[in-house]
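For reference, the structure is listed below as structure tokens.
Computation of the quantities below employed the complete heavy-atom set of this structure, encompassing side-chain atoms and omitting hydrogens, waters and symmetry-equivalent molecules.
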Amino acid sequence: MSEDMMSPLYAVRSRKLPPTAVPYVFAFFMSAIMALLMCSVIIAANSGVDQGYPARVVGAYAFAMPVAFVCVLIVRPLVMRLVSMVCRMPG
């Protein structure tokens, strides 16, 4: 690889968070995705999909996402312990 191609790659890599942030980033993305999916499904099941559906999903999501984030952070150690009881862990 040439010199000029190396510097943009290094710049992108250096912007990544340190390994100590992994549990928090994982919890953020997991809670964000799961809260959106669950809000969408539950609202569709309870009140149907109509013109106001997107607004109801956003309203529910604004409440559910922070709650889901805290829950994932709290439950993660238990889940990791349960996974290690069922699976051979790498390393």
Side-chain angles (χ1 to χ4, degrees):
M1 229 185 246
S2 67
E3 286 285 327
D4 56 322
M5 289 181 71
M6 292 282 286
S7 59
L9 290 175
Y10 178 74
V12 169
R13 285 187 196 146
S14 67
R15 288 188 219 156
K16 288 186 175 182
L17 296 172
T20 55
V22 168
Y24 304 103
V25 174
F26 174 85
F28 175 79
F29 285 122
M30 177 64 79
S31 61
I33 293 166
M34 290 304 297
L36 181 61
L37 292 172
M38 294 304 297
C39 287
S40 300
V41 170
I42 292 168
I43 288 172
N46 285 336
S47 60
V49 178
D50 57 13
Q51 195 171 13
Y53 174 75
R56 291 192 308 272
V57 170
V58 169
Y61 182 75
F63 177 75
M65 198 298 198
V67 173
F69 179 67
V70 171
C71 289
V72 170
L73 287 175
I74 292 170
V75 174
R76 185 183 177 277
L78 172 63
V79 172
M80 291 303 295
R81 197 170 317 128
L82 293 171
V83 168
S84 70
M85 291 169 63
V86 175
C87 299
R88 277 186 300 232
M89 300 303 281

Is there a side-chain contact between [X] and [Y], using heavy atoms and a 4.5 Å cut-off?
X: Leu36; Y: Ser40; result: yes
X: Phe69; Y: Met34; result: no
X: Arg56; Y: Asp50; result: yes

Show the nearest heavy-atom pair for residues Ala68 and Ala35, with the distance to one decimal.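 Closest heavy-atom pair between Ala68 and Ala35: CB-CB, 4.2 Å.
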If you look at every heavy atom in Tyr53 and Val41, which pair is closest and at what distance?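 Scanning both residues completely, I find the closest heavy atoms to be OH-N, 4.5 Å.
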Verify the neighbour count for atom CZ of Phe63: are there more than 12 heavy atoms of other residues, nucleotides or ligands below 6.0 Å?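 No.
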If you link ILVMFWY side chains whenever their heavy atoms are less than 4.5 Å apart, which other residues fall into the same cluster as Leu82? By chain and number, please.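 Same cluster as Leu82: Leu78, Met85.
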If you link I, L, V, M, F, W and Y whenever their side-chain heavy atoms are under 4.5 Å apart, who else ends up in the same group as Val75?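 ILVMFWY cluster around Val75 also holds Val79, Met80, Val83, Met89.
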Identify whether Val57 and Val49 are in the same connected component of the hydrophobic contact network (ILVMFWY, side-chain heavy atoms under 4.5 Å).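 Same cluster.
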Under a single-linkage definition using a 4.5 Å side-chain heavy-atom cutoff for Ile, Leu, Val, Met, Phe, Trp and Tyr, are Tyr24 and Val22 assigned to the same hydrophobic cluster?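 No, Tyr24 does not connect to Val22 through the hydrophobic network.
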Nearest 0.5 angstrom please: Leu37 CG to Tyr61 OH, how far?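 One finds 9.5 Å between CG of Leu37 and OH of Tyr61.
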Rounded distance [0.5 Å steps], CG in Leu73 versus CZ in Phe26: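 Separation between the atoms: 10.5 Å.
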